[in-house]
Amino acid sequence: QKEVEQNSGPLSVPEGAIASLNCTYSDRGSQSFFWYRQYSGKSPELIMSIYSNGDKEDGRFTAQLNKASQYVSLLIRDSQPSDSATYLCAVIGGSARQLTFGSGTQLTVLP
Amino acid sequence: EPEVTQTPSHQVTQMGQEVILRCVPISNHLYFYWYRQILGQKVEFLVSFYNNEISEKSEIFDDQFSVERPDGSNFTLKIRSTKLEDSAMYFCASSDGWRNQPQHFGDGTRLSIL
């Protein structure tokens with residue numbers, strides 16, 4: 001059973017701080033890693049994708065991947081109240097074509 | 001920016017009835033997916049579709065479920081005889097590749113079975 005694990009939170013950070021979200025996955029053959037943002041009652045919205053070890057930056061967002069540790073993280077710099085949402089880690093496994101999602105981390109950015 | 005569109009946004013149906021959920025994937029995408037999310041739970045994969053046939057399906061996708069691409073733009077999910085436990089948000093997604101291409105999600109259809 002391929003698993004993707006996330007701390008469910010809730011995680012609260014003050015406005016302007018760095019939010020750090022973590023995810024581990026069980027399938028060592030996983031190749032593609034994604035972070036989605038989901039507001040309550042809405043659909044997942046793609047934030048970042050990462051495919052190789054290291055860091056990938058896009059604006060205030062940085063995704064980090066460590067395949068040896070089977071760990072992927074998302075950093076949100078200068079957090080804003082509008083960043084308050086559930087952040088979903090999703091992985092495509094080695095032989096699979098579908099996304100396996102974690103249960104999500106609920107982030108609240110306090111004004 | 002191109003979007004995946006889903007209709008209806010909310011469907012209320014009596015148990016045992018058939019429902020069809022509709023999706024228009026992004027126009028140049030070739031890979032299509034259905035996922036569902038029961039309230040308060042994880043997003044779960046149902047089925048993937050490519051080249052007019054099912055590529056993979058999960059254990060959830062039993063004989064009550066079917067998918068179809070009836071024309072060049074629509075992608076549908078049919079549930080033949082709905083059960084109470086089918087109540088969930090159903091999301092359609094599309095991508096232009098299998099692995100190193102992100103999947104883009106529609107706004108979803110909230111299915112309520114009474």
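These figures come from a predicted structure and were not determined experimentally. To find a chain, count down the sequence lines: A is the first, B the second, and so on, and within it residues start at 1.
Open room surrounds NZ on A:Lys42; 12 or fewer heavy atoms of other groups in view lie less than 6.0 Å from it. Crowding of B:Leu39 atom CG: a count of heavy atoms from other residues, nucleotides or ligands under 6.0 Å not exceeding 12. No more than 12 heavy atoms of other residues, nucleotides or ligands sit less than 6.0 Å from atom NZ of B:Lys57. Residue-environment remark: CD1 (A:Ile18) stays at or below the threshold of 12 foreign heavy atoms within 6.0 Å. Annotation for B:Glu59: atom CD does not count as buried by contact number, only 12 or fewer foreign heavy atoms lying within 6.0 Å. Sparse packing is recorded around CD of B:Glu3, with 12 or fewer heavy atoms of other residues, nucleotides or ligands lying under 6.0 Å away. Counting heavy atoms of neighbouring residues, nucleotides and ligands inside a 6.0 Å radius, atom CG of B:Asp63 does not exceed 12 of them. For A:Asn22, the CG atom counts as densely surrounded, since its 6.0 Å shell holds more than 12 non-hydrogen atoms of other residues, nucleotides or ligands.
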Assess whether side chain to side chain contact (heavy atoms under 4.5 Å, CB included) is satisfied between A:Leu99 and B:Phe45, documenting all intermediate values. CA-CA 7 Å; A:Leu99 293 166; B:Phe45 168 74; over 6 Å; no
Could you please spell out the steps behind the side chain to side chain contact (heavy atoms under 4.5 Å, CB included) verdict for A:Gln98 and B:Ser48? CA-CA 7 Å; A:Gln98 73 269 18; B:Ser48 60; 5.6 Å; no
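With chain A as partner, the option from B:Tyr33, B:Phe91, B:Tyr31 having the largest number of non-hydrogen pairs under 4.5 angstrom is B:Phe91.
For B:Tyr50, no part sits under 4.5 Å from any heavy atom of chain A, backbone or side chain. Residue A:Glu45 does not touch chain B at all, counting heavy-atom pairs closer than 4.5 Å. For A:Tyr36, the part lying under 4.5 angstrom from a heavy atom of chain B is the side chain only. Using a 4.5 Å cut-off between heavy atoms, B:Gln37 contacts chain A through its side chain alone, with no backbone atom that close. Within the 4.5 angstrom heavy-atom criterion, only side-chain atoms of A:Leu46, from C-beta onward, approach chain B.
Annotation for B:Pro102 and A:Phe34: closest pair CA-CE2, 3.6 Å, computed over non-hydrogen atoms.
A heavy-atom distance below 4.5 Å is found between the side chains of B:Gln103 and A:Ile92.
A donor-acceptor distance shorter than 3.5 angstrom exists from the side chain of B:Glu56 to the backbone of A:Arg97, with no hydrogens or angles considered. A distance-only check finds no donor-acceptor pair linking the side chain of A:Ser43 to the backbone of B:Gly108 [under 3.5 Å].
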